[in-house]
Amino acid sequence: MPADSRPLDDDTQIGAWEEQYDVIGAGEDDLARMITFVQWQVLRAAMPVRRTAQHPETGPIPIAAAHAFDAVQVLLGVVVAASRDAAVSGDTDTLVAQADRLRDARASLENTIGNTDALLNMLDSVDL
């Protein structure tokens, strides 16, 4: 955590990400492997948030964050499944097959907004 909290310029951050991709064997042309790795990183970050959100006393914001993580997970999965090749080549069958997953991501984002609005409404009710 202390290393990640230090301000880094863009080139240094990009270099660190490239090193991670090198470790997993993903070259610049292996979009699916790169996105799958990012998806795994998001999953690791999401787990403690999801656990925290299960406790009623945490309120709507951890729940909103958990829904946002869910949406990101689904969207990254769509990228891997539909890959840019399907979009570029016009492979509509592959893209159409992702419609339900995109709807799931949208629902998670709507839940994120709903939970965020719940806290804002509570704050508005006490004139903050």
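- A heavy-atom distance below 4.5 Å is found between the side chains of D10 and Q13.
- Checked options T112, L119, D117; the residue passing with P60 is L119 (criterion: side-chain contact (heavy atoms from CB on, under 4.5 Å)).
- If you run side-chain contact (heavy atoms from CB on, under 4.5 Å) between Q39 and each of L76, L75, V72, only L76 comes through.
- Minimum heavy-atom separation, A66 to R50: CB-CG, 4.1 Å.
- Considering only residues two or more places apart in sequence or on other chains, T12 meets the side-chain hydrogen bond (donor to acceptor under 3.5 Å, both in side chains) condition with D9.
- Note that the CZ atom of R33 and the OG1 atom of T36 stand 8.5 Å from one another [nearest 0.5 Å].
- Taking 4.0 Å as the cut-off between side-chain N and carboxylate O, D104 and R101 do not count as a salt-bridged pair.
- In this structure, M47 is not a member of the same hydrophobic cluster as W40, with clusters built from ILVMFWY side-chain heavy atoms closer than 4.5 Å.
- Linking Ile, Leu, Val, Met, Phe, Trp and Tyr whenever their side-chain heavy atoms come within less than 4.5 Å leaves V49 and L109 in two separate clusters.
- Hydrophobic clustering (ILVMFWY, side-chain heavy atoms < 4.5 Å, transitive): F37 and V42 are in one cluster.
- Hydrophobic clustering, with ILVMFWY side chains joined whenever heavy atoms are under 4.5 angstrom apart, groups I14 together with I24.
- In the hydrophobic clustering of this structure, I63 does not group with L120; members are Ile, Leu, Val, Met, Phe, Trp, Tyr whose side-chain heavy atoms approach within less than 4.5 Å, directly or through other members.
- For the atom pair CG of D11 and CD of E18, the computed distance is 9.5 Å after rounding to the nearest 0.5 Å.
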